[in-house]
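Numbered from 1 within each chain, the chains take letters A, B, ... in sequence-line order. None of these values were measured; they are calculated from a predicted model.
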There are 2 protein chains.
Amino acid sequence: MKKNYLTKSTEDYLETILVLSLDKRVVRIKDLAKHLNVKKPSVVSAVKYLKRKNLVKQEHYGHIELTEEGEVVARKIYKRHKALYKFLHNFLGIDPSIAEKDACRIEHFLTPETMERILKFIEFIEICPKKSPNWLNNFYYFVKTGKLPEICKKC
Amino acid sequence: MKKNYLTKSTEDYLETILVLSLDKRVVRIKDLAKHLNVKKPSVVSAVKYLKRKNLVKQEHYGHIELTEEGEVVARKIYKRHKALYKFLHNFLGIDPSIAEKDACRIEHFLTPETMERILKFIEFIEICPKKSPNWLNNFYYFVKTGKLPEICKKC
DNA sequence: TAACTTTGTTAGGATAATCTAATTTATAAT
DNA sequence: ATTATAAATTAGATTATCCTAACAAAGTTA
């Protein structure tokens with residue numbers, strides 16, 4: 001059983017590799033450096049670490065890819081990020097760029113329980129019209145039972 | 001103009017000094033060590049730093065107190081903490097001990113804008129019965145105008 | 001293909017936050 | 001008051017993350 005803990009910094013590298021690879025042909029050291037606001041040698045050593053962990057692969061002087069395992073991990077992190085962004089922006093009404101920043105900052109630190117609850121909350125508000133009376137209690141009901149209350153289904 | 005940035009760690013020390021001094025006669029190095037799960041030398045060096053910043057005072061080998069300035073800062077941090085706790089527990093329904101943990105973890109990282117919004121949200125849900133239809137829009141109205149909608153005042 | 005430019009790498013160092021082990025001071029007990 | 005215990009301090013090491021400067025490889029262009 002391998003040690004599975006990743007630091008904030010390491011998670012950021014992984015996540016950024018995923019995000020960049022979604023709209024770029026290839027991901028390079030300099031791209032990561034730019035996005036993460038660090039210098040290239042920092043990226044090099046982070047990538048070296050991730051290679052040891054079998055989360056990314058890279059030929060010497062070549063471009064960077066996630067391994068299968070790395071992609072699984074990166075997608076989890078990215079999922080958290082998106083959920084937090086939605087929570088902050090769609091629900092609390094925080095401006096996009098700020099919501100983005102906060103999502104980045106706290107995505108690494110929430111307990112799984114709270115993260116789970118926020119995911120559930122997002123799911124709920126995307127279904128529920130938020131207009132029904134007693135709206136919040138409907139959410140608690142949803143958390144508890146996993147089922148939407150009758151009243152919600154009508155929307 | 002003095003540099004005013006405190007790290008996560010430093011904020012934790014300050015906050016803990018405040019919290020402990022609320023129900024203890026005096027706060028000592030070992031108390032901080034215990035609460036923060038670090039060893040005494042770590043506390044000593046953190047306190048040394050905070051002394052340089054004029055945020056705490058301590059006689060050699062003596063107990064620890066916040067300066068006036070330190071208390072102001074610590075109260076701000078603690079206020080954030082309590083708001084986040086309420087948000088997680090009272091609103092999202094997270095269990096107390098977990099909500100506590102998450103509040104601790106993220107209190108240092110939120111942007112002022114988001115923190116402000118969460119404070120507003122807490123304020124709102126403590127007044128609003130959460131039962132009125134269109135509840136969430138009432139919150140947005142409150143954010144925008146600073147005033148509670150008519151319907152809320154009836155509760 | 002030789003020279004130039006861009007990109008990646010290595011070496012070596014800085015800082016923040018922690019630790020252990022040894023030491024010093026303060027407090028309590030006989 | 002002397003001794004024993006508890007608490008605080010210092011010295012020195014470790015780890016993670018970042019940096020700059022120097023260098024090496026790859027890619028581009030004339």
So what does Tyr49(B) touch, heavy atoms closer than 4.0 Å: a base, only the sugar-phosphate, or nothing?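 Nothing, no heavy atom under 4.0 Å.
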Give one of base, sugar-phosphate or nothing for Ser9(B), where a contact means two heavy atoms less than 4.0 Å apart.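 Sugar-phosphate, backbone atoms only, no base.
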Less than 4.0 angstrom between a side-chain N/O of [X] and OP1 or OP2 of [N], yes or no?
{"X": "Tyr61(B)", "N": "dT23(C)", "value": "no"}
{"X": "Thr7(A)", "N": "dT17(D)", "value": "yes"}
{"X": "Gln58(A)", "N": "dT9(C)", "value": "yes"}
{"X": "Ser42(B)", "N": "dC19(C)", "value": "yes"}
{"X": "Lys48(B)", "N": "dT10(D)", "value": "yes"}

Count the heavy atoms belonging to other residues, nucleotides or ligands that lie under 6.0 Å from NE2 of His89(A), then report whether that count exceeds 12.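 Atom NE2 in His89(A) is packed in, count exceeds 12.
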Does atom NZ (Lys34(B)) have a neighbourhood of more than 12 heavy atoms from anything else shown, all under 6.0 Å?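 No, because the 6.0 Å sphere around NZ of Lys34(B) holds 12 heavy atoms or fewer from other groups.
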With distance as the sole test, does Arg80(A) use its side chain to make a donor-acceptor pair with the main-chain N or O of His108(A) at under 3.5 Å?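 Here the side-chain-to-backbone pair does not exist.
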Let's see if you can work this out: which of dT10(D), dG8(C), dT18(C) has an atom nearest to the side-chain heavy atoms of Lys30(A)?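 Selected nucleotide: dG8(C).
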Given dT20(C), dA17(C), dT9(D), the nucleotide with the shortest approach to the side chain of Thr10(B):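 Per side-chain heavy atoms of Thr10(B), the pick is dA17(C).
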Take the angle between the ring planes of Phe91(A) and Phe91(B) and call it parallel below 30°, perpendicular above 60°, tilted in between.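 Taking Phe91(B) first and then Phe91(A), their aromatic rings lie parallel (interplane angle under 30°).
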